[in-house]
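Quick note on labels: first sequence line is chain A, next is B, and so on, each numbered from 1.
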2 protein chains.
Amino acid sequence: MARPQRRTVRDIRRGNRAVLLRTLYFSGPTSRNDLTARTGLSAATVSTMTADLLGENIVVEAGQVESDGGRPRVLLRVNPEYGFAVGVDVAETHVRVGLFDLEMTERAKVDYMLRPARHDPELIARHILAGVEVVLSDAGVSPEQVLGIGVGVPGIVEPGADGVIHAKTFGWDGVPLGALLRRGTSLPLFVDNGAKTMGQAELWFGSGRGASEAVIVLLGVGVGATIVADGTTFRGVSSSAGEWGHTKIVANGRPCRCGGRGCLEAYVGIEAILDRAGVTSRGDWEEDLAGVLASKSPVVEETVTYLGVGLANLVNLINPEKIVIGGWVGVQLGESLLPDIRRATAANSLAEPYAATSIVLGRLGPDAVALGAATLVLEEFLNAPQVARITAAG
Amino acid sequence: MARPQRRTVRDIRRGNRAVLLRTLYFSGPTSRNDLTARTGLSAATVSTMTADLLGENIVVEAGQVESDGGRPRVLLRVNPEYGFAVGVDVAETHVRVGLFDLEMTERAKVDYMLRPARHDPELIARHILAGVEVVLSDAGVSPEQVLGIGVGVPGIVEPGADGVIHAKTFGWDGVPLGALLRRGTSLPLFVDNGAKTMGQAELWFGSGRGASEAVIVLLGVGVGATIVADGTTFRGVSSSAGEWGHTKIVANGRPCRCGGRGCLEAYVGIEAILDRAGVTSRGDWEEDLAGVLASKSPVVEETVTYLGVGLANLVNLINPEKIVIGGWVGVQLGESLLPDIRRATAANSLAEPYAATSIVLGRLGPDAVALGAATLVLEEFLNAPQVARITAAG
DNA sequence: CATCTTAGTTCAGAGGCGAAAACAAGCACC
DNA sequence: GGTGCTTGTTTTCGCCTCTGAACTAAGATG
């Protein structure tokens, strides 16, 4: 019942161009010949289209491969310097702005510390805009070369151009961050939830690479998930899908900071773990967690069990091909306990879907949020590589 | 990261033809003029394409509409007799075979009772094949007019041509029902889980109509869900997505017939409800449930709470636009308790996604499984209306 | 240097869509 | 009844895209 969508000859070209570009991007240096095989397009089409792309400098040659007794193939690749993407991570304690080339290599970055409870939207918007200028000049990149700015933020982001955000922990209720930023830049903007941008990063460049049905869970202070269906992030009707942390695993259980009871986050969020272990934090949660893990406290096993229940619910409901456990708590737990987590998940899920799922640890560090935000720009670029970009003064 | 898919000029035609046909199907009698507006296609294209469809008898004229001062519009509609679809419901106690025209009006049906614990796959395949012959001759339809056979079965159906089924309650583990049926017919076959076909029916013709992000839950002996993302059923990597009944809502809770503990089904499945209410069934579960509901037993309220938790988890995780409660237990509960169910759901879900969701009762009765199965055929027809159908002897 | 092999380009042809002109079919009003 | 007006549908024509096949390019081999 997907909505009807007419097509015209031009869409074909656009679509095939995107197909070609994606193939080129993900298969690395490739010859035209290979491209015909991989895309199913005719050699003629590949030839004319690559000629276009070369002419636009989106694609560049990358050496040759000898063949035994014939004309050597010329390798082609996406020009990593054709454009750049800015990725921004708006977090509790800092705003980080990174500049990435098309290969998602970080070219420059800058951090702005936030004083606790100073989450004035205007201030954050100013930090972001200043950060963009800084990374551009640091890397010697002009604004015209920037394809867009991706921003990962906490909370729920309304779909729509204004990037309206609801983030309880920030005290933001209906903050139009997108609109605020647009006052200071006319570059394309992409605002999304930080857990989702992290998920996107793991999906494209981390442990989730290649999976088309996957869940990337984020365990940290908060607990969330990115659900990937058919290769794209599933957002639900109002972009809030994936609020795994507040699904209930114990009806009427422990109170959670969301106001509910029995939420998964109330068992496996860092605060909940420390609380249940009776640890009074001295400020360094990572160290505290390491202490708990080393202590062989029964809380560890319980945590694994609860996490297993939460993961099993995903296995049963979503039937993913892969579950990636990310977030610093997730990685710290997983490093020593992954087999136990798998066991706990198996114990609580149906045999068929469990057998179809592999549970792995995330591979990208805490920079994944900014990287994923930049990936939003990359995604747009690969889907609709514009010939004429709207250039704009930063 | 959706897989690349090349396109050629011919695909456009196919796609636009499908767009046109879907619009025609769902917007009822429509003029060519309206179609240009609704589809976005040019008048020229609509004209030639409808001419084709009229020529193939897929579309027929349906009267005229006067206009004030101009040429009257000729109304067009999909010819409900262009073809027929068979829908089969394979249930615990019976096999039902129905014949539907393209408007999904039931033209004939036949039931075969199953002796308890007589779920021999061969027998069931024979029933289905016999049933097809019966409904065809009852309705005076020849096999050439049948577009396909849809079958709704319990359990997990592997993706693939053989329709391999794993259904614990049937004692089926790897039964290739599709292959068995293909021995007796060469009509196109579509085998799917019965909860999913029911979901499909509610989505297309019941309370879910028009929703593009939805969940249709089935409460009966078993408990399951159909997750609809972007208008189509979400299946996960091995077609088992939607096993909501065995998600855990009470870690380490009541034992469930799946072998696990604390499953939703162990609280809101009919057997669980009766068990918790201390009712020893005399065979008529519907009556038993009515008794429990009338008794004002605290079990009723508990059940509503547990159901609310289960639904809230869907709200948080999936963020659907609509949740349809179906299945006979669901409808029986919902008729008197829907407001309470909504309240219980609200109490356990986050405010934003809850506000975006409407929770409604299913509208289709127990025949929805067979109807939904037939809808699989319809869906195929609307997506790829073949000019030359492969006709086959039944 | 003739021949073989493989890679890439060019060209003609088929099929698709849209804009606009042409045609069709009513109404209204003199 | 004729003439113009309005609206719906069809036809014509030009442009775009893809593909298959012929053709060119570039190296290996003996």
TODO: Mind calculating the distance between CZ (B:R73) and P (D:dG8) to the nearest angstrom?
DONE: 5 Å
For [X], enumerate each residue passing the side chain to side chain donor-acceptor pair (under 3.5 Å) test, keeping only those at least two apart in sequence or located in another chain.
| X | answer |
| --- | --- |
| A:T48 | none |
| A:S47 | none |
| A:D162 | none |

TODO: Tell me yes or no: between the side chains of B:S238 and A:N319, is some donor less than 3.5 Å from an acceptor?
DONE: yes
Look at [X] together with [Y] and state whether they make a salt bridge at an N to O cut-off of under 4.0 Å.
| X | Y | result |
| --- | --- | --- |
| B:D11 | A:R7 | no |
| A:E81 | A:R107 | yes |
| B:R77 | B:E103 | yes |

Task: Rounded distance [0.5 Å steps], CZ in A:F205 versus CG in A:L364 - done: 9.5 Å
Task: Between CG on residue A:L41 and CG on residue A:N16, distance to nearest 0.5 Å - done: 4.5 Å
Open item on the list: Distance under 4.0 Å to a non-hydrogen atom of chain A counts as contact; along DNA chain C, which nucleotides mark the start and end?
Closed with: C:dT5 to C:dG18
TODO: Could you provide the dot-bracket string of DNA chain D, using ( ) for intrastrand pairs, [ ] for crossing pairs and | for bases paired to another strand, with Watson-Crick or G-U pairs below 3.5 Å?
DONE: ||||||||||||||||||||||||||||||
Open item on the list: At under 4.0 Å between heavy atoms, how does the protein contact nucleotides 15-30 of chain D? Give one character per nucleotide, 5' to 3', with B, S or -.
Closed with: -BBSBB----BBBS--
Task: Touch class at under 4.0 angstrom, heavy-atom based, for A:V46 against every strand present - done: nothing
Open item on the list: With side-chain contact (heavy atoms from CB on, under 4.5 Å) as the criterion, how do A:R32 and A:R73 come out once you've worked through the C-alpha distance, each side chain's angles and the decisive distance to 0.1 Å?
Closed with: CA-CA 8 Å; A:R32 293 177 179 79; A:R73 318 173 195 201; over 6 Å; no
